[in-house]
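We name chains A, B, ... by the order of the sequence lines, and we start the count at 1 in each one. Note that the structure is a prediction, hence the values are computed from the model and not measured.
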Protein chains: 2
Amino acid sequence: MTDLERDHSEPPDCLSIVSQVTNSTRAGKRERLAGAAVRVLHEQGVEKTTLADIARAADVPVGNVYYYFKTKDQLIEAAIEAHGHHLQTMLDELGRLAEPQDRLKALLRGWIGERDLTAQYGCPTGTLASELDKRDDGLDRAIAKVMGRLLAWVEEQFAAMGRTDAKELAVALFASYQGVALLTNTFRDPDLMATEGARLERWIDSLT
Amino acid sequence: MTDLERDHSEPPDCLSIVSQVTNSTRAGKRERLAGAAVRVLHEQGVEKTTLADIARAADVPVGNVYYYFKTKDQLIEAAIEAHGHHLQTMLDELGRLAEPQDRLKALLRGWIGERDLTAQYGCPTGTLASELDKRDDGLDRAIAKVMGRLLAWVEEQFAAMGRTDAKELAVALFASYQGVALLTNTFRDPDLMATEGARLERWIDSLT
DNA sequence: GTCTATACATAGATAGAC
DNA sequence: GTCTATCTATGTATAGAC
(Lines give C-alpha, C1' and ligand atoms only; values in the text may rest on other atoms or scores of the structure.)
Protein backbone atom coordinates (compact mmCIF):
# COMPACT_ATOMS: atom_id res chain seq x y z
CA MET A 1 0.00 0.00 0.00
CA THR A 2 2.89 2.31 0.73
CA ASP A 3 4.28 2.06 -2.79
CA LEU A 4 1.17 3.72 -4.08
CA GLU A 5 2.01 6.99 -2.46
CA ARG A 6 4.86 8.04 -4.72
CA ASP A 7 2.62 10.58 -6.44
CA HIS A 8 1.05 12.71 -3.79
CA SER A 9 -1.01 14.65 -6.28
CA GLU A 10 -2.85 11.46 -7.25
CA PRO A 11 -4.47 10.39 -3.95
CA PRO A 12 -5.57 6.84 -3.05
CA ASP A 13 -9.28 7.09 -3.75
CA CYS A 14 -8.82 7.04 -7.50
CA LEU A 15 -8.51 3.28 -7.28
CA SER A 16 -12.20 2.72 -6.80
CA ILE A 17 -14.18 0.55 -4.46
CA VAL A 18 -11.31 -1.44 -2.98
CA SER A 19 -10.10 1.33 -0.71
CA GLN A 20 -13.67 2.09 0.24
CA VAL A 21 -13.99 -1.37 1.67
CA THR A 22 -10.62 -1.68 3.34
CA ASN A 23 -10.89 1.60 5.24
CA SER A 24 -13.07 1.53 8.29
CA THR A 25 -14.61 4.99 7.79
CA ARG A 26 -16.24 5.03 4.35
CA ALA A 27 -13.47 6.32 2.16
CA GLY A 28 -13.38 8.35 -1.03
CA LYS A 29 -12.75 11.44 1.02
CA ARG A 30 -11.30 13.27 -1.93
CA GLU A 31 -14.45 12.67 -3.92
CA ARG A 32 -16.58 13.51 -0.91
CA LEU A 33 -14.76 16.82 -0.51
CA ALA A 34 -15.10 17.65 -4.20
CA GLY A 35 -18.77 16.66 -4.20
CA ALA A 36 -19.52 18.67 -1.07
CA ALA A 37 -17.66 21.61 -2.59
CA VAL A 38 -19.91 21.56 -5.65
CA ARG A 39 -22.96 21.84 -3.44
CA VAL A 40 -21.61 24.43 -1.00
CA LEU A 41 -20.08 26.60 -3.71
CA HIS A 42 -23.44 26.66 -5.46
CA GLU A 43 -25.21 27.68 -2.30
CA GLN A 44 -22.73 30.17 -0.87
CA GLY A 45 -20.51 31.24 -3.74
CA VAL A 46 -16.74 30.89 -3.93
CA GLU A 47 -15.57 33.86 -1.88
CA LYS A 48 -18.02 33.36 0.96
CA THR A 49 -17.23 29.67 1.28
CA THR A 50 -14.47 28.67 3.69
CA LEU A 51 -12.58 25.40 3.72
CA ALA A 52 -14.25 24.75 7.06
CA ASP A 53 -17.67 24.99 5.38
CA ILE A 54 -16.72 22.40 2.78
CA ALA A 55 -15.02 20.12 5.29
CA ARG A 56 -18.10 20.18 7.49
CA ALA A 57 -20.39 19.39 4.55
CA ALA A 58 -18.13 16.50 3.56
CA ASP A 59 -17.85 15.34 7.17
CA VAL A 60 -14.08 15.61 7.09
CA PRO A 61 -11.96 17.37 9.74
CA VAL A 62 -10.75 20.79 8.59
CA GLY A 63 -7.04 20.20 8.97
CA ASN A 64 -7.38 17.01 6.96
CA VAL A 65 -8.38 18.88 3.82
CA TYR A 66 -4.78 19.77 3.10
CA TYR A 67 -3.84 16.15 2.82
CA TYR A 68 -6.03 15.90 -0.27
CA PHE A 69 -5.69 19.41 -1.70
CA LYS A 70 -2.67 21.64 -1.45
CA THR A 71 -4.70 24.84 -1.78
CA LYS A 72 -8.28 26.06 -1.78
CA ASP A 73 -7.97 26.70 -5.50
CA GLN A 74 -7.15 23.07 -6.18
CA LEU A 75 -10.24 22.01 -4.26
CA ILE A 76 -12.36 24.40 -6.29
CA GLU A 77 -10.83 23.04 -9.46
CA ALA A 78 -11.74 19.51 -8.38
CA ALA A 79 -15.29 20.73 -7.73
CA ILE A 80 -15.48 22.18 -11.22
CA GLU A 81 -14.30 18.88 -12.67
CA ALA A 82 -16.85 16.94 -10.64
CA HIS A 83 -19.57 19.29 -11.82
CA GLY A 84 -18.37 18.87 -15.40
CA HIS A 85 -18.57 15.10 -15.05
CA HIS A 86 -22.09 15.37 -13.73
CA LEU A 87 -23.14 17.49 -16.71
CA GLN A 88 -21.47 15.11 -19.15
CA THR A 89 -23.41 12.18 -17.68
CA MET A 90 -26.61 14.14 -18.16
CA LEU A 91 -25.77 14.91 -21.80
CA ASP A 92 -24.92 11.25 -22.42
CA GLU A 93 -28.36 10.24 -21.20
CA LEU A 94 -30.06 12.86 -23.36
CA GLY A 95 -28.09 11.45 -26.31
CA ARG A 96 -30.21 8.31 -26.15
CA LEU A 97 -33.19 10.20 -27.52
CA ALA A 98 -33.54 9.78 -31.27
CA GLU A 99 -34.42 13.29 -32.42
CA PRO A 100 -32.15 16.28 -31.75
CA GLN A 101 -35.09 18.60 -31.04
CA ASP A 102 -36.35 16.11 -28.44
CA ARG A 103 -32.91 16.16 -26.83
CA LEU A 104 -32.97 19.94 -26.63
CA LYS A 105 -36.47 19.97 -25.20
CA ALA A 106 -35.52 17.33 -22.66
CA LEU A 107 -32.59 19.52 -21.64
CA LEU A 108 -34.99 22.42 -21.16
CA ARG A 109 -37.34 20.25 -19.12
CA GLY A 110 -34.45 19.29 -16.90
CA TRP A 111 -33.59 22.90 -16.28
CA ILE A 112 -37.23 23.77 -15.60
CA GLY A 113 -37.40 20.89 -13.14
CA GLU A 114 -34.64 22.57 -11.13
CA ARG A 115 -36.41 25.90 -11.01
CA ASP A 116 -36.89 25.98 -7.24
CA LEU A 117 -33.21 25.36 -6.61
CA THR A 118 -32.43 27.94 -9.28
CA ALA A 119 -34.63 30.51 -7.56
CA GLN A 120 -32.68 29.93 -4.37
CA TYR A 121 -29.13 29.76 -5.70
CA GLY A 122 -29.09 30.41 -9.45
CA CYS A 123 -27.65 28.14 -12.11
CA PRO A 124 -24.68 26.22 -10.64
CA THR A 125 -22.60 26.68 -13.78
CA GLY A 126 -23.57 30.29 -14.44
CA THR A 127 -23.09 31.67 -10.95
CA LEU A 128 -19.75 29.90 -10.71
CA ALA A 129 -18.62 31.32 -14.06
CA SER A 130 -19.75 34.80 -13.09
CA GLU A 131 -17.83 34.74 -9.85
CA LEU A 132 -14.68 33.06 -11.13
CA ASP A 133 -14.38 35.55 -13.96
CA LYS A 134 -13.51 38.20 -11.38
CA ARG A 135 -10.37 36.32 -10.38
CA ASP A 136 -6.90 36.30 -11.84
CA ASP A 137 -6.08 32.63 -11.24
CA GLY A 138 -6.86 30.16 -14.01
CA LEU A 139 -10.11 28.86 -12.53
CA ASP A 140 -12.20 31.01 -14.83
CA ARG A 141 -10.76 29.02 -17.76
CA ALA A 142 -11.72 25.75 -16.10
CA ILE A 143 -15.40 26.69 -15.79
CA ALA A 144 -15.34 28.19 -19.28
CA LYS A 145 -14.28 24.81 -20.57
CA VAL A 146 -17.25 23.14 -18.87
CA MET A 147 -19.66 25.70 -20.27
CA GLY A 148 -18.00 25.35 -23.65
CA ARG A 149 -18.76 21.64 -23.75
CA LEU A 150 -22.40 22.27 -22.90
CA LEU A 151 -22.68 24.93 -25.57
CA ALA A 152 -20.99 22.71 -28.14
CA TRP A 153 -23.44 19.92 -27.38
CA VAL A 154 -26.39 22.25 -27.96
CA GLU A 155 -24.83 23.42 -31.19
CA GLU A 156 -24.48 19.81 -32.35
CA GLN A 157 -28.19 19.28 -31.85
CA PHE A 158 -29.10 22.29 -33.96
CA ALA A 159 -26.64 21.15 -36.61
CA ALA A 160 -28.26 17.71 -36.59
CA MET A 161 -31.54 19.49 -37.25
CA GLY A 162 -29.95 20.75 -40.44
CA ARG A 163 -29.47 24.34 -39.33
CA THR A 164 -26.50 26.13 -40.80
CA ASP A 165 -26.77 28.81 -38.09
CA ALA A 166 -26.39 26.20 -35.36
CA LYS A 167 -23.78 28.18 -33.43
CA GLU A 168 -25.91 31.31 -33.29
CA LEU A 169 -28.98 29.33 -32.23
CA ALA A 170 -26.99 27.52 -29.56
CA VAL A 171 -25.80 30.81 -28.10
CA ALA A 172 -29.36 32.15 -28.20
CA LEU A 173 -30.83 29.13 -26.41
CA PHE A 174 -28.11 28.82 -23.82
CA ALA A 175 -28.08 32.56 -23.17
CA SER A 176 -31.84 32.56 -22.68
CA TYR A 177 -31.50 29.85 -20.08
CA GLN A 178 -28.61 31.51 -18.29
CA GLY A 179 -30.38 34.85 -18.32
CA VAL A 180 -33.69 33.58 -17.05
CA ALA A 181 -31.85 31.64 -14.37
CA LEU A 182 -30.34 34.92 -13.22
CA LEU A 183 -33.73 36.65 -13.20
CA THR A 184 -35.33 33.68 -11.45
CA ASN A 185 -32.67 33.89 -8.79
CA THR A 186 -32.76 37.67 -8.44
CA PHE A 187 -36.55 37.86 -8.13
CA ARG A 188 -36.83 34.55 -6.30
CA ASP A 189 -39.56 33.52 -8.74
CA PRO A 190 -39.48 29.97 -10.19
CA ASP A 191 -42.43 30.80 -12.45
CA LEU A 192 -40.20 32.98 -14.61
CA MET A 193 -38.20 29.89 -15.45
CA ALA A 194 -41.28 27.79 -16.19
CA THR A 195 -42.83 30.39 -18.48
CA GLU A 196 -39.65 31.16 -20.39
CA GLY A 197 -38.85 27.45 -20.64
CA ALA A 198 -42.23 26.77 -22.24
CA ARG A 199 -41.67 29.64 -24.66
CA LEU A 200 -38.28 28.22 -25.65
CA GLU A 201 -39.82 24.79 -26.26
CA ARG A 202 -42.33 26.34 -28.65
CA TRP A 203 -39.46 28.18 -30.29
CA ILE A 204 -37.56 24.93 -30.88
CA ASP A 205 -40.67 23.35 -32.37
CA SER A 206 -41.04 26.32 -34.70
CA LEU A 207 -37.58 25.73 -36.15
CA THR A 208 -38.26 22.37 -37.75
CA MET B 1 -21.97 74.72 9.63
CA THR B 2 -21.98 72.71 12.85
CA ASP B 3 -25.76 72.69 13.13
CA LEU B 4 -25.92 70.64 9.98
CA GLU B 5 -24.35 67.64 11.61
CA ARG B 6 -27.25 66.59 13.80
CA ASP B 7 -28.03 63.69 11.46
CA HIS B 8 -24.83 61.83 10.83
CA SER B 9 -26.50 59.43 8.41
CA GLU B 10 -27.25 62.30 6.03
CA PRO B 11 -23.78 63.64 5.19
CA PRO B 12 -22.93 67.15 4.00
CA ASP B 13 -22.58 66.55 0.28
CA CYS B 14 -26.30 66.16 -0.25
CA LEU B 15 -26.57 69.94 -0.26
CA SER B 16 -25.12 70.33 -3.69
CA ILE B 17 -22.53 72.66 -5.14
CA VAL B 18 -22.13 74.98 -2.17
CA SER B 19 -20.00 72.59 -0.14
CA GLN B 20 -18.03 71.74 -3.26
CA VAL B 21 -16.93 75.35 -3.54
CA THR B 22 -16.26 76.09 0.12
CA ASN B 23 -14.03 73.03 0.63
CA SER B 24 -10.50 73.37 -0.67
CA THR B 25 -10.16 69.80 -1.93
CA ARG B 26 -12.94 69.21 -4.46
CA ALA B 27 -15.70 67.89 -2.28
CA GLY B 28 -18.52 65.45 -2.86
CA LYS B 29 -16.40 62.73 -1.35
CA ARG B 30 -19.43 60.67 -0.55
CA GLU B 31 -20.46 60.73 -4.18
CA ARG B 32 -16.91 60.06 -5.28
CA LEU B 33 -16.74 57.04 -3.03
CA ALA B 34 -20.06 55.70 -4.28
CA GLY B 35 -19.07 56.32 -7.89
CA ALA B 36 -15.70 54.67 -7.49
CA ALA B 37 -17.40 51.76 -5.75
CA VAL B 38 -19.66 51.19 -8.77
CA ARG B 39 -16.65 50.90 -11.02
CA VAL B 40 -14.47 48.79 -8.73
CA LEU B 41 -17.30 46.45 -7.76
CA HIS B 42 -17.98 45.84 -11.43
CA GLU B 43 -14.33 45.07 -12.11
CA GLN B 44 -13.47 43.03 -9.03
CA GLY B 45 -16.74 41.83 -7.58
CA VAL B 46 -18.08 42.48 -4.09
CA GLU B 47 -16.19 39.94 -2.02
CA LYS B 48 -12.81 40.55 -3.61
CA THR B 49 -13.08 44.32 -3.25
CA THR B 50 -11.69 45.89 -0.08
CA LEU B 51 -12.53 49.27 1.32
CA ALA B 52 -8.92 50.19 0.59
CA ASP B 53 -9.50 49.44 -3.12
CA ILE B 54 -12.50 51.74 -3.25
CA ALA B 55 -10.82 54.46 -1.22
CA ARG B 56 -7.83 54.41 -3.54
CA ALA B 57 -10.02 54.59 -6.64
CA ALA B 58 -11.89 57.54 -5.12
CA ASP B 59 -8.66 59.17 -3.98
CA VAL B 60 -9.81 59.24 -0.38
CA PRO B 61 -7.75 58.01 2.59
CA VAL B 62 -8.90 54.62 3.85
CA GLY B 63 -9.68 55.61 7.40
CA ASN B 64 -11.79 58.47 6.11
CA VAL B 65 -14.31 56.12 4.52
CA TYR B 66 -15.94 55.48 7.86
CA TYR B 67 -16.82 59.10 8.22
CA TYR B 68 -19.14 58.75 5.26
CA PHE B 69 -20.27 55.15 5.63
CA LYS B 70 -20.71 53.25 8.85
CA THR B 71 -20.12 49.86 7.22
CA LYS B 72 -18.96 48.32 3.97
CA ASP B 73 -22.53 47.23 3.30
CA GLN B 74 -23.74 50.84 3.43
CA LEU B 75 -21.11 51.84 0.89
CA ILE B 76 -22.20 49.01 -1.40
CA GLU B 77 -25.81 50.10 -1.00
CA ALA B 78 -24.83 53.63 -2.01
CA ALA B 79 -23.07 52.18 -5.05
CA ILE B 80 -26.21 50.28 -6.03
CA GLU B 81 -28.24 53.48 -5.72
CA ALA B 82 -25.74 55.40 -7.82
CA HIS B 83 -25.84 52.68 -10.45
CA GLY B 84 -29.63 52.74 -10.37
CA HIS B 85 -29.61 56.49 -10.93
CA HIS B 86 -27.32 56.07 -13.89
CA LEU B 87 -29.63 53.49 -15.45
CA GLN B 88 -32.66 55.69 -14.84
CA THR B 89 -30.99 58.58 -16.63
CA MET B 90 -30.32 56.29 -19.57
CA LEU B 91 -33.95 55.14 -19.69
CA ASP B 92 -35.14 58.75 -19.53
CA GLU B 93 -33.07 59.57 -22.58
CA LEU B 94 -34.39 56.56 -24.48
CA GLY B 95 -37.88 57.75 -23.61
CA ARG B 96 -37.43 60.68 -25.97
CA LEU B 97 -37.68 58.35 -28.95
CA ALA B 98 -41.19 58.25 -30.38
CA GLU B 99 -41.68 54.56 -31.11
CA PRO B 100 -41.41 51.90 -28.38
CA GLN B 101 -39.68 49.43 -30.71
CA ASP B 102 -37.06 52.09 -31.47
CA ARG B 103 -36.53 52.59 -27.76
CA LEU B 104 -35.96 48.87 -27.27
CA LYS B 105 -33.59 48.68 -30.20
CA ALA B 106 -31.68 51.70 -28.91
CA LEU B 107 -31.36 49.96 -25.57
CA LEU B 108 -29.93 46.93 -27.35
CA ARG B 109 -27.51 49.10 -29.30
CA GLY B 110 -26.32 50.63 -26.06
CA TRP B 111 -25.65 47.21 -24.59
CA ILE B 112 -23.87 46.08 -27.74
CA GLY B 113 -21.74 49.21 -27.60
CA GLU B 114 -20.49 48.10 -24.20
CA ARG B 115 -19.53 44.65 -25.44
CA ASP B 116 -15.81 45.02 -24.81
CA LEU B 117 -16.33 46.05 -21.21
CA THR B 118 -18.86 43.24 -20.89
CA ALA B 119 -16.34 40.72 -22.18
CA GLN B 120 -13.93 41.88 -19.49
CA TYR B 121 -16.24 42.21 -16.50
CA GLY B 122 -19.75 41.10 -17.45
CA CYS B 123 -22.92 43.14 -17.11
CA PRO B 124 -22.57 45.49 -14.11
CA THR B 125 -26.12 44.83 -12.96
CA GLY B 126 -26.12 41.09 -13.62
CA THR B 127 -22.82 40.23 -11.99
CA LEU B 128 -23.73 42.32 -8.97
CA ALA B 129 -27.11 40.60 -8.66
CA SER B 130 -25.54 37.18 -9.01
CA GLU B 131 -23.03 37.83 -6.29
CA LEU B 132 -25.32 39.63 -3.86
CA ASP B 133 -27.87 36.83 -4.05
CA LYS B 134 -25.42 34.64 -2.17
CA ARG B 135 -25.56 36.92 0.86
CA ASP B 136 -27.97 37.08 3.75
CA ASP B 137 -27.98 40.85 4.23
CA GLY B 138 -30.63 42.87 2.40
CA LEU B 139 -28.38 44.02 -0.44
CA ASP B 140 -29.77 41.42 -2.82
CA ARG B 141 -33.15 43.12 -2.52
CA ALA B 142 -31.59 46.49 -3.37
CA ILE B 143 -30.14 45.26 -6.66
CA ALA B 144 -33.33 43.32 -7.40
CA LYS B 145 -35.20 46.63 -7.17
CA VAL B 146 -32.87 48.19 -9.74
CA MET B 147 -33.26 45.26 -12.09
CA GLY B 148 -36.98 45.33 -11.51
CA ARG B 149 -37.21 48.92 -12.72
CA LEU B 150 -35.28 48.05 -15.87
CA LEU B 151 -37.49 45.05 -16.54
CA ALA B 152 -40.64 47.08 -15.94
CA TRP B 153 -39.47 49.70 -18.42
CA VAL B 154 -38.93 47.04 -21.09
CA GLU B 155 -42.36 45.62 -20.35
CA GLU B 156 -43.91 49.08 -20.81
CA GLN B 157 -42.40 49.30 -24.26
CA PHE B 158 -43.86 45.98 -25.33
CA ALA B 159 -47.20 47.01 -23.88
CA ALA B 160 -47.03 50.25 -25.85
CA MET B 161 -46.55 48.09 -28.92
CA GLY B 162 -49.93 46.58 -28.16
CA ARG B 163 -48.66 43.22 -26.93
CA THR B 164 -50.77 41.55 -24.27
CA ASP B 165 -47.86 39.22 -23.45
CA ALA B 166 -45.60 42.19 -22.65
CA LYS B 167 -44.34 40.72 -19.39
CA GLU B 168 -43.30 37.46 -20.99
CA LEU B 169 -41.57 39.25 -23.84
CA ALA B 170 -39.77 41.58 -21.44
CA VAL B 171 -38.42 38.63 -19.48
CA ALA B 172 -37.36 36.95 -22.73
CA LEU B 173 -35.50 40.02 -24.00
CA PHE B 174 -33.87 40.92 -20.74
CA ALA B 175 -32.90 37.32 -20.06
CA SER B 176 -31.35 37.02 -23.49
CA TYR B 177 -29.23 40.06 -22.79
CA GLN B 178 -28.19 38.92 -19.32
CA GLY B 179 -27.40 35.46 -20.59
CA VAL B 180 -25.36 36.56 -23.55
CA ALA B 181 -23.52 38.99 -21.30
CA LEU B 182 -22.56 36.05 -19.13
CA LEU B 183 -21.37 34.02 -22.13
CA THR B 184 -19.53 37.01 -23.54
CA ASN B 185 -17.75 37.40 -20.23
CA THR B 186 -17.03 33.71 -19.74
CA PHE B 187 -15.63 33.20 -23.23
CA ARG B 188 -14.12 36.68 -23.41
CA ASP B 189 -15.73 37.11 -26.82
CA PRO B 190 -17.47 40.45 -27.60
CA ASP B 191 -18.69 39.07 -30.94
CA LEU B 192 -21.18 36.85 -29.14
CA MET B 193 -22.86 39.98 -27.85
CA ALA B 194 -22.86 41.67 -31.26
CA THR B 195 -24.33 38.66 -33.05
CA GLU B 196 -27.02 37.96 -30.47
CA GLY B 197 -27.85 41.66 -30.25
CA ALA B 198 -28.45 41.81 -33.99
CA ARG B 199 -30.63 38.72 -33.76
CA LEU B 200 -32.70 40.31 -31.00
CA GLU B 201 -33.16 43.48 -33.07
CA ARG B 202 -34.55 41.39 -35.92
CA TRP B 203 -36.79 39.64 -33.42
CA ILE B 204 -38.19 42.96 -32.19
CA ASP B 205 -38.87 44.03 -35.77
CA SER B 206 -40.70 40.76 -36.40
CA LEU B 207 -43.14 41.48 -33.58
CA THR B 208 -44.79 44.54 -35.09
C1' DG C 1 -3.28 8.68 7.15
C1' DT C 2 -5.66 11.56 10.74
C1' DC C 3 -6.23 15.44 13.48
C1' DT C 4 -4.99 19.57 16.69
C1' DA C 5 -2.74 23.57 17.49
C1' DT C 6 -1.06 27.40 15.70
C1' DA C 7 1.43 30.59 12.55
C1' DC C 8 0.56 34.17 9.28
C1' DA C 9 -1.91 37.43 6.43
C1' DT C 10 -5.57 40.39 5.53
C1' DA C 11 -9.66 43.03 6.03
C1' DG C 12 -13.31 45.42 8.60
C1' DA C 13 -13.86 48.54 12.05
C1' DT C 14 -12.63 51.90 15.98
C1' DA C 15 -9.99 55.39 18.88
C1' DG C 16 -8.18 59.36 19.09
C1' DA C 17 -4.54 62.88 17.61
C1' DC C 18 -4.54 66.74 14.63
C1' DG D 1 -13.54 67.08 9.03
C1' DT D 2 -9.19 64.50 8.14
C1' DC D 3 -6.05 60.91 8.81
C1' DT D 4 -2.94 57.39 11.38
C1' DA D 5 -2.45 53.74 14.31
C1' DT D 6 -4.34 49.90 15.95
C1' DC D 7 -7.73 46.42 17.69
C1' DT D 8 -10.13 42.36 16.49
C1' DA D 9 -11.87 38.72 13.80
C1' DT D 10 -11.48 35.39 10.35
C1' DG D 11 -9.54 32.43 6.99
C1' DT D 12 -5.66 30.04 4.58
C1' DA D 13 -2.07 27.27 5.35
C1' DT D 14 1.64 24.64 8.02
C1' DA D 15 3.98 21.90 11.78
C1' DG D 16 3.99 18.20 14.10
C1' DA D 17 1.89 14.82 17.59
C1' DC D 18 -0.55 10.61 17.22
Practice prompt. With sequence neighbours left out, write down each residue that passes salt bridge (Lys or Arg N to Asp or Glu O under 4.0 Å) with B:E93, or none if nothing qualifies.
Written response: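 With sequence neighbours excluded, B:E93 shows a salt bridge (Lys or Arg N to Asp or Glu O under 4.0 Å) to no residue whatsoever.
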
Discussion item. Restricting to salt bridge (Lys or Arg N to Asp or Glu O under 4.0 Å), what partner residues turn up for B:R202, sequence neighbours left out?
Written reply: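 In terms of salt bridge (Lys or Arg N to Asp or Glu O under 4.0 Å), with neighbours along the sequence ignored, B:R202 is linked to A:E168.
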
Discussion item. Test: side-chain hydrogen bond (donor to acceptor under 3.5 Å, both in side chains). Region: residues 122-131 of chain B. Which pairs qualify, not counting sequence neighbours?
Written reply: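 Passing the test, one end in residues 122-131 of chain B: B:H83-B:T125.
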
Worksheet item: Under the side-chain hydrogen bond (donor to acceptor under 3.5 Å, both in side chains) rule, what pairs show up with a residue in residues 52-64 of chain A, not counting sequence neighbours?
Response: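 The answer is A:T50-A:D53, A:D53-A:R56.
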
Worksheet item: Quantified as the angle between the terminal helix axes (five pairs each), what is the overall bend of the helix from C:dG1-D:dC18 to C:dC18-D:dG1 to 10 degrees?
Response: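 Taking five pairs per end, the axes differ by 10°.
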
Worksheet entry | Under 4.0 Å protein heavy-atom contacts per nucleotide of nucleotides 12-18 of chain C, with B for base, S for backbone only and - for none | SBB----

Rounded to whole Å, please give me the gap between [atom1] in [X] and [atom2] in [N].
X     : N      : atom1 : atom2 : answer
B:K48 : C:dA11 : NZ    : C1'   : 14 Å
B:L75 : C:dA11 : CG    : P     : 15 Å
A:F69 : D:dG11 : CZ    : P     : 20 Å
A:D59 : C:dT2  : CG    : C1'   : 14 Å

Please output the side-chain donor-acceptor pairs of residues 141-148 of chain A that fall under 3.5 Å, not counting sequence neighbours, one pair per line with the distance.
| residue | atom | partner | partner atom | Å |
| --- | --- | --- | --- | --- |
| A:R141 | NH1 | B:T186 | O | 3.4 |
| A:R141 | NH2 | B:T186 | O | 2.9 |

Discussion item. I'd like to check A:V65 versus A:I54 (side-chain heavy atoms, cut-off strictly below 4.5 Å). Are they in contact?
Written reply: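 They are not in side-chain contact.
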
Worksheet item: If you check every side-chain atom of A:Y67, which of C:dT2, D:dT2, C:dC3 has the closest atom?
Response: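 Nearest to the side-chain atoms of A:Y67, counting from C-beta on, is C:dT2.
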
Item to complete: Using ring-ring contact (aromatic ring centres under 6.0 Å, His included) as the criterion, list what pairs up with B:Y121, not counting sequence neighbours.
Response: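 Partners of B:Y121 under the ring-ring contact (aromatic ring centres under 6.0 Å, His included) test: B:H42.
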
Fill in: A:Q74: side chain to side chain donor-acceptor pair (under 3.5 Å) partners, not counting sequence neighbours
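In terms of side chain to side chain donor-acceptor pair (under 3.5 Å), with neighbours along the sequence ignored, A:Q74 is linked to no residue.
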
